[in-house]
Amino acid sequence: MTSSDPNPLVTYGLFLAWAAHDAEELARGPRRLRENLPELRERFPGVPERVWKAVESVDEREFATAVGVMALIVGAAAVAGARSGGRSAFYQGAVNGFGLHGLVHLAQAAAVRDVTPGAATSPLVVIPFSLWARGRLRRAGVLRPFRLGGVVTGLAVAAGATVVSHAVGRRVAALF
């Protein structure tokens, strides 16, 4: 950041906000999904069976390992942000992806008409942090423009990081 905004919470805060959010997901994740799977299958019959099987097969060890892998990714983004004064495209993409991820959680909760894992901290932590960080970056003069392509890229990167995290989590959990 510039000398007018040396606040490390703008960059390292990404990791702190993510940790609070993922603590909620760890506490409520796989078990809650498995408990609600019959109702979800009934409510959304168009979802392919392979998707339901994949969701059903995620256990707590795999999920916790995936969260650990994601911690490395988000931590690396926060460090890149701190080292670049908030200018890092990786860091800013992570902030944008994190905020969009919060909107996805809210959309999921609306779709199932229930509180889903991640939905409680999305409006309280994820979205406010992302908006606050973007505002601080804007005031520091380092915020990259946010365009439709950036939205698509942010969601794709967040989804890709999630897929990679779960793939590593599944492999590591299988070793133990």
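Keep in mind that the numbers below use all heavy atoms, side chains included, and drop hydrogens, waters and symmetry copies.
- Under the 4.5 Å side-chain heavy-atom criterion for Ile, Leu, Val, Met, Phe, Trp and Tyr, Tyr12 and Val95 are members of distinct hydrophobic clusters.
- Evaluation of the salt bridge (Lys or Arg N to Asp or Glu O under 4.0 Å) rule for Arg171 yields no partner, not counting sequence neighbours.
- Of the residues listed (Arg28, Arg34, Arg31, Arg32), the one engaging Glu60 in a salt bridge (charged side-chain N to carboxylate O under 4.0 Å, His left out) is Arg34, and it is the only one.
- Residues Leu106 and Val104 are members of one and the same hydrophobic cluster, defined by side-chain heavy-atom contacts under 4.5 angstrom among Ile, Leu, Val, Met, Phe, Trp and Tyr.
- Listed by chain and number, the residues in a salt bridge (Lys or Arg N to Asp or Glu O under 4.0 Å) with Arg138 amount to none (sequence neighbours excluded).
- Both Phe98 and Leu16 belong to a common hydrophobic cluster when Ile, Leu, Val, Met, Phe, Trp and Tyr are linked at side-chain heavy-atom distances under 4.5 angstrom.
- Partners of Trp52 according to the ring-ring contact (aromatic ring centres under 6.0 Å, His included) rule, which considers only residues two or more places apart in sequence or in another chain, do not exist here.
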Walk me through whether Trp18 and Val125 qualify under side-chain contact (heavy atoms from CB on, under 4.5 Å). CA-CA 8 Å; Trp18 171 85; Val125 177; over 6 Å; no

Show your working on side-chain contact (heavy atoms from CB on, under 4.5 Å) between Leu137 and Val10 and close with a plain yes or no. CA-CA 8 Å; Leu137 294 168; Val10 174; 4.0 Å; yes

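- Among residue pairs with one or both ends in residues 101-141, those qualifying as ring pair (Phe, Tyr, Trp, His ring centres under 6.0 Å) are His21-His101, His21-His105, His101-His105, Phe129-Trp132; sequence neighbours excluded.
- In this structure, Glu42 has no salt bridge (Lys or Arg N to Asp or Glu O under 4.0 Å) partners at least two apart in sequence or on a different chain.
- Cluster annotation: Leu9 is connected to Phe15 through the hydrophobic network of ILVMFWY side chains, with a link wherever side-chain heavy atoms come within less than 4.5 Å.
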Apply side-chain contact (heavy atoms from CB on, under 4.5 Å) to Glu49 and Arg41, showing your working. CA-CA 9 Å; Glu49 184 59 25; Arg41 276 187 162 125; 2.7 Å; yes

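- For the residue pair Arg134/Asn96, the side-chain donor-acceptor check at 3.5 Å is satisfied.
- Here the closest heavy-atom approach between residue Glu25 and residue Asp22 is recorded as OE1-OD1, 3.0 Å.
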Taking distance alone, no hydrogens or angles, what donor-acceptor pairs closer than 3.5 Å link side-chain atoms of residues 66-75 to residues at least two apart or in another chain?
none

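- No side-chain donor from either of Thr11 and Arg83 sits under 3.5 Å from a side-chain acceptor of the other.
- A donor-acceptor contact shorter than 3.5 Å links the side chain of Arg43 to the backbone of Val112.
- Under the 4.5 Å side-chain heavy-atom criterion for ILVMFWY residues, no single connected hydrophobic cluster contains both Phe63 and Val163.
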